[in-house]
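Per chain, numbering begins at 1; letters A, B, ... match sequence-line order.
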Amino acid sequence: MKEYIDSGILELYVYGVLTHQENVEVYKALQQYPEVAQEVEEIEKALQQLSMAAAPYSPEKMLTKIKSKLEFTGDDEKVIPLSRKRTPIIAYIGYAAAALLLVGLLFQSREVSKLETQISDLEREQILQEGKTQVAEENLAATKEVLNAIRHKDVIKVPLAGQAVAPQAYASVFWDKASNKAYIDVSGLPEPPAGKVYQVWSLTLEPLTPTSMGVLDTYNAEGLQIIELDNPNASEAFGITLEPAGGSAGPTMDQLYTLGVVSS
Amino acid sequence: MQPDELIAQLQSKNEKAFERIYEMYSEATFGIINSVLHDEVLSEEVLQDVFCKVWDKAPTYSPKKGRFFTWVLNIARNAAIDKTRSKSFKNQKKNQTADYFVDILEDKSNFSAQIDAIGIKKYIDLLEPICKKVIDLLFFKGFTQKEASEKLEIPLGTIKTRNRICINKLRESLTV
């Protein structure tokens, strides 16, 4: 730093004859090093002495002229009242009005922010409702689709009655022979225990031959509970058994929940 | 120390602050103007203009640009140099002989209380001719290093250090 100070750059900084770039550098050094700042102060003090000495006389008296040129009002002294008496009532009314206005503005701004919160709450609610509506519409469309499918004139309805293991259970198969689709209504089946699934079988009777149509692993107690499966078989009966998760190659007959014969 | 608080008040158009700033800087400013013009009447005129400008332009001052003293100094130098181009100045200049601030100092007998008169006198006595020229051009006239080196025919690289030596002597004279 001593070298920097001795370079003489600080004198030229106080003179104001450095380039912009050099000026920025000195300013940085001033912020960083107290000894540089100290040096600048001392240089400035010396230069002030030197320039003052070059004045013909002290220009104190010219201040009045300059003040009148600048149209000074002298108001700065009146800003701080010296005593209560000197503060006119109009000033108090002014302060009161200002305070009242401030209170009013604060109140208004709080009201505005309250309303803004309400609007954003409502907007959020609306988005939520739109989402719900969309889901409902999708559900409705899916239901209509299934309903249209099982209403078709070629569709055979096969009721499946509850068997020994679950006498209360029931199900229906709506079988569209033309499109080889079967819609299984499982709303009458109890919810399967954990680790178990229902498996749907197509049966031919003489001899009894089961063919798996699929596993109802998308069982959903809340949903439509009508499951679409492919059935390209020449089914004579349908059965539903409870099987371990993933299904079995052949039906576990003592877990036969429902069974129904296709009426010819 | 630079009166930062006062400068901030000046910038927000406080008349009292302006008066204090005037007390602190007017005599030095007057000296700078006078060392360019060497004329009391014209210097008074320019001083008034300069402080009107200080009042008007104060909000544009920022410590990042430099010292407040430097800022006022710049306004004063520019205003004084502008004045040297005026007709009234050119008419009077014919009789002028003094070229350096030193001539003013040598002629001066009454110093105001703010000045360390003994120190200044001492400085004038031991001031080398080259210092007179260097300080006059760089400080009082605002020449750049390059301009000063061309005018004085001394190498550009030595201007800065030469000037520091000259100012160091001034500081020594004043502190003793």
For this output row, return yes or no: ring centroids of B:Phe68 and B:Tyr25 closer than 6.0 angstrom.
-> yes
Ranking B:Phe69, B:Trp71, B:Phe111 by heavy-atom pairs under 4.5 Å to chain A gives rank one to B:Phe69
Would you mind reporting whether B:Thr70 and B:Lys65 have side-chain heavy atoms less than 4.5 Å apart?
-> no
Using a cut-off of under 4.5 Å for heavy-atom pairs, which of B:Thr144, B:Ile165, B:Leu47 has the most such pairs with chain A?
-> B:Leu47
Flag the one option from B:Ala148, B:Pro63, B:Ala113, B:Ala117 with the top tally of heavy-atom pairs under 4.5 Å to chain A.
-> B:Pro63
Which bit of B:Leu138 is near chain A, if near means a heavy-atom gap under 4.5 Å: side chain, backbone, both or neither?
-> both
Side chain, backbone, both or neither: which part of B:Gln114 has a heavy atom under 4.5 Å from chain A?
-> both
When heavy-atom pairs shorter than 4.5 Å are enumerated against chain B, which of A:Val40, A:Leu50, A:Val24 gives the highest number?
-> A:Leu50
Heavy-atom distance under 4.5 Å between the side chains of B:Ile167 and A:Leu47, does that happen here?
-> yes
Under the 3.5 angstrom rule, does the side chain of A:Gln49 hit a backbone N or O of B:Ile120 as a donor-acceptor pair?
-> no
Check ion pair A:Glu25-A:Lys28 (N to O, under 4.0 angstrom) | no
Among A:Glu44, A:Glu42, A:Glu41, find the one that has a salt bridge (Lys or Arg N to Asp or Glu O under 4.0 Å) with B:Arg171.
-> A:Glu42
Best-contacting candidate, A:Ile9, A:Asn23, A:Asp6, A:Ile43, against chain B by heavy atom pairs under 4.5 angstrom | A:Asp6
Using non-hydrogen atoms and a 4.5 Å limit, figure out which bit of A:Tyr27 sits close to chain B: side chain, backbone, both or neither.
-> side chain
Which one of A:Ala54, A:Ala46, A:Ser7 has the most heavy-atom pairs closer than 4.5 Å to chain B?
-> A:Ala54
Side-chain touch A:Met62/B:Tyr22, heavy atoms, less than 4.5 angstrom = yes
Contacting moiety of B:Arg77, where chain A heavy atoms sit under 4.5 Å | side chain
Under 4.5 Å from any heavy atom of chain B - which part of A:Lys67 | side chain
Let me know if B:Ile32 has heavy atoms under 4.5 Å from chain A in its side chain, its backbone, both or neither.
-> both
The interface call for B:Ser112 against chain A, heavy-atom contacts under 4.5 Å, is side chain
Pick one of side chain, backbone, both or neither for A:Leu30, based on which atoms fall under 4.5 Å of a heavy atom in chain B.
-> neither
Just wondering, do B:Leu152 and B:Phe143 contact through their side chains at under 4.5 Å, heavy atoms?
-> no
Measure the shortest side-chain to side-chain distance between B:Ser173 and B:Asp116 over non-hydrogen atoms and say whether it is less than 4.5 angstrom.
-> no
Let me see the working for A:Lys69 and B:Phe51 under side-chain contact (heavy atoms from CB on, under 4.5 Å), right down to the final yes or no.
-> CA-CA 10 Å; A:Lys69 247 190 184 175; B:Phe51 272 89; over 6 Å; no
Name the region of B:Tyr123, side chain, backbone, both or neither, that has any atom closer than 4.5 Å to a heavy atom of chain A.
-> side chain
Contact check, side chains of B:Lys141 and B:Glu147, non-hydrogen atoms, under 4.5 Å = no
Will you find, in the side chains of A:Ser58 and A:Glu60, an N or O donor that is under 3.5 Å from an N or O acceptor?
-> yes
Given a strict heavy-atom distance threshold of 4.5 Å, which part of A:Val26 is in contact with chain B: side chain, backbone, both, or neither?
-> neither
Please state whether the side chain, the backbone, both or neither of B:Ile115 comes within less than 4.5 Å of a heavy atom of chain A.
-> both
Is chain A contacted by the side chain of B:Phe139, its backbone, both, or neither, given a heavy-atom distance below 4.5 Å?
-> both
Contact origin within B:Glu44 toward chain A - heavy atom pairs under 4.5 Å | both
A:Leu10 portion near chain B, given a 4.5 angstrom heavy-atom threshold = neither
